[in-house]
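Worksheet for the structure shown next.
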There are 2 protein chains.
Amino acid sequence: MEDEVDRLVAAWRRERPDLDVEPLEVLSRVSRLARHLDRARRTAFAEHALEPWEFDVLTALRRAGAPYQLSPGQLLTQTLVTSGTMTNRIDRLAGKGLVQRLPDPDDRRGVLVRLTQGGQERADAALAGLLDHERAILGELSPSQRDDLAALLRQLVAPFDNLAD
Amino acid sequence: MEDEVDRLVAAWRRERPDLDVEPLEVLSRVSRLARHLDRARRTAFAEHALEPWEFDVLTALRRAGAPYQLSPGQLLTQTLVTSGTMTNRIDRLAGKGLVQRLPDPDDRRGVLVRLTQGGQERADAALAGLLDHERAILGELSPSQRDDLAALLRQLVAPFDNLAD
DNA sequence: TCCCAGTATCTTGATGTCGAGACATTTCCA
DNA sequence: TGGAAATGTCTCGACATCAAGATACTGGGA
């Protein structure tokens, strides 16, 4: 089946026949698919009354394992936002009762952000919902195609992930 | 080589062994790769003193073919932003002399946005630079792997692209 | 012990985007 | 032909983000 990138590439071949636009076949599809996935995620989370950024923070804490707490600095590195943004996010999540701020007993400059019981439940439910949605999207592919795709993508991502960011 | 998604998946398997997190192997890699690509694009465009959003608008006009003009509404559907955002973008591009606003001769409500000579040159140069960068990223893969990857991604994207958006 | 560079977090101001609504013009239908 | 609905663009207010600087505390060397 044809997609928007096929149309995009055709337009460039018509307007710029001198250029090799083959890289777009892969990388434009990655970008466009990511945009669609963002929208799908937003929809999936709305069923649990969560914004994507809330999910990102809550699940980072959930993945940390009991007692489900991290410093703001650790959350920064996991979510790739700036410190000002994280302060704002923690404020709002604390206001909703999904996390609480605790003083770090070992460092009086520091703070620990801990998932509340309610926050953990919301995170767990939203993750399950997200995975259901994503399984539906991947229904287009056979199990072996999924494995192939994951392996190819890993090859492209790994150089970025293993570089000092 | 290992990547961040391998670590992410391992953490979930430890914390939520009851869940099947296999979809993340594909879709989290798509999202993360897209984020890395955004940063790489930003770097590539900076060599031509362009922001990503400027590139998006200028190349939409460039792809339209001579005389390189589209209505704001057509630009909306191609760039997936809202009308308020597009008005703002056109204002700034016009201020830099990269596009100009012309009254639509056929519809007095309407406006046509036309690429200037300078705008076209910037768009063409930035596209060539982007493709060079992207070719380097894809250097990890053989030609047949790229074809496979493009085909698998097309299968995932096509249902979104061919749905009323 | 004192000081100072380093670390951790929060505050502030600027920016770009979105969503809703305003306004002008066109199109469709009675 | 008259009027309502649709269309195309712009304006405005709210919001999340970022970058840079402010504030508070720690820890090692003189």
Side-chain angles (χ1 to χ4, degrees), chain A residues 31 34-36 38-39 41-43 45-46 49-58 60-61 64 69-96 98-114 165, chain B residues 31 34-35 38-39 41-43 45-46 49-58 60-61 64 69-96 98-114 164-165:
Chain A
S31 294
R35 219 159 29 203
H36 290 305
D38 277 345
R39 300 182 69 167
R41 283 190 356 139
R42 183 172 295 276
T43 304
F45 295 148
L50 280 180
E51 299 291 321
W53 64 261
E54 295 178 303
F55 179 84
D56 287 341
V57 176
L58 296 181
L61 293 167
Q69 61 187 20
L70 292 171
S71 70
Q74 290 173 307
L75 286 171
L76 289 192
T77 64
Q78 292 217 19
T79 57
L80 302 179
V81 297
T82 60
S83 65
T85 300
M86 186 53 68
T87 297
N88 183 13
R89 289 182 174 188
I90 296 169
D91 285 348
R92 283 175 288 160
L93 286 171
K96 291 172 110 182
L98 300 178
V99 305
Q100 58 186 153
R101 253 191 263 250
L102 304 171
D104 183 337
D106 299 328
D107 184 341
R108 265 187 296 180
R109 293 168 304 180
V111 167
L112 290 175
V113 181
R114 166 133 55 168
D165 233 338
Chain B
S31 294
R35 227 176 6 216
D38 277 346
R39 300 181 67 167
R41 281 189 0 137
R42 182 173 294 277
T43 305
F45 295 148
L50 280 180
E51 298 291 323
W53 64 261
E54 296 178 300
F55 179 85
D56 287 342
V57 176
L58 296 181
L61 293 167
Q69 62 186 21
L70 292 171
S71 70
Q74 290 173 308
L75 286 171
L76 289 192
T77 64
Q78 293 218 17
T79 57
L80 302 179
V81 297
T82 60
S83 64
T85 299
M86 185 53 68
T87 298
N88 183 12
R89 289 182 174 189
I90 296 168
D91 286 347
R92 283 175 288 162
L93 287 170
K96 292 172 110 182
L98 300 178
V99 305
Q100 58 186 154
R101 255 192 261 250
L102 304 170
D104 183 336
D106 299 329
D107 185 339
R108 266 186 297 179
R109 292 169 304 181
V111 167
L112 291 175
V113 181
R114 165 133 54 170
D165 234 339

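Below, each value reflects all heavy atoms present in this structure, side chains not excepted, and no hydrogens, waters or symmetry copies. Quick note on labels: first sequence line is chain A, next is B, and so on, each numbered from 1.
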Are OP1 or OP2 of D:dG8 and a side-chain N or O of B:R101 less than 4.0 angstrom apart?
no
Taking only residues two or more places apart in sequence, or in another chain, which ones meet B:R92 in a side-chain hydrogen bond (donor to acceptor under 3.5 Å, both in side chains)?
B:N88
How would you list, by chain and number, every residue that makes a side-chain hydrogen bond (donor to acceptor under 3.5 Å, both in side chains) with A:D91, sequence neighbours excluded?
A:R101
Pairwise 5' ranking along DNA chain D for A:R89 and B:S71, keeping only the more 5' one:
B:S71
What I'd like to find out is whether the side chain of A:I90 reaches to under 4.5 Å of the side chain of A:V111, using heavy atoms alone.
no
side-chain contact (heavy atoms from CB on, under 4.5 Å) with A:Q69: which of A:L102, A:V113, A:D104?
A:L102
For the atom pair CG (A:L112) and CD (A:Q100), what is the distance rounded to the nearest 0.5 Å?
10.5 Å
Does B:N88 reach a base, just sugar-phosphate, or nothing at all? Heavy atoms under 4.0 Å.
base
Anything under 4.0 Å to a heavy atom of chain A counts; send over the first and last such nucleotide of DNA chain C, read 5' to 3'.
C:dG6 to C:dT11
Base versus backbone protein contacts along nucleotides 18-24 of chain D [heavy-atom cut-off under 4.0 Å; B, S, -]
BB----B
Anything under 3.5 Å between a donor and an acceptor, one on a side chain of residues 75-82 of chain B, the other on a protein residue two or more places apart or in another chain? List them.
unit_1, atom_1, unit_2, atom_2, d
B:T77, OG1, B:Q74, O, 2.9
B:Q78, OE1, B:R63, NH2, 3.3
B:T79, OG1, B:L75, O, 2.7
B:T82, OG1, B:T85, OG1, 3.2

Spacing of B:R92 atom CZ relative to D:dC10 atom P, expressed in whole Å:
14 Å
Nearest 0.5 Å, please: how far is CD in B:E51 from CG in B:L58?
11.5 Å
Rounded off to whole Å, could you give me the CG-to-C1' distance for the B:L112 and D:dG8 pair?
12 Å
B:R89: partners by side-chain hydrogen bond (donor to acceptor under 3.5 Å, both in side chains), with sequence neighbours left out:
none
Rounding to a whole Å, what distance do you find between B:Q74:CD and D:dG8:C1'?
11 Å
Let me know the distance between CG of A:L93 and C1' of D:dA16, rounded to the nearest Å.
13 Å
Could you state the atom-to-atom distance from CG of A:D106 to C1' of D:dG27 in whole Å?
14 Å
Testing the basics here: between B:K96 and B:A49, what is the closest heavy-atom pair and its distance to 0.1 Å?
NZ-O, 4.1 Å
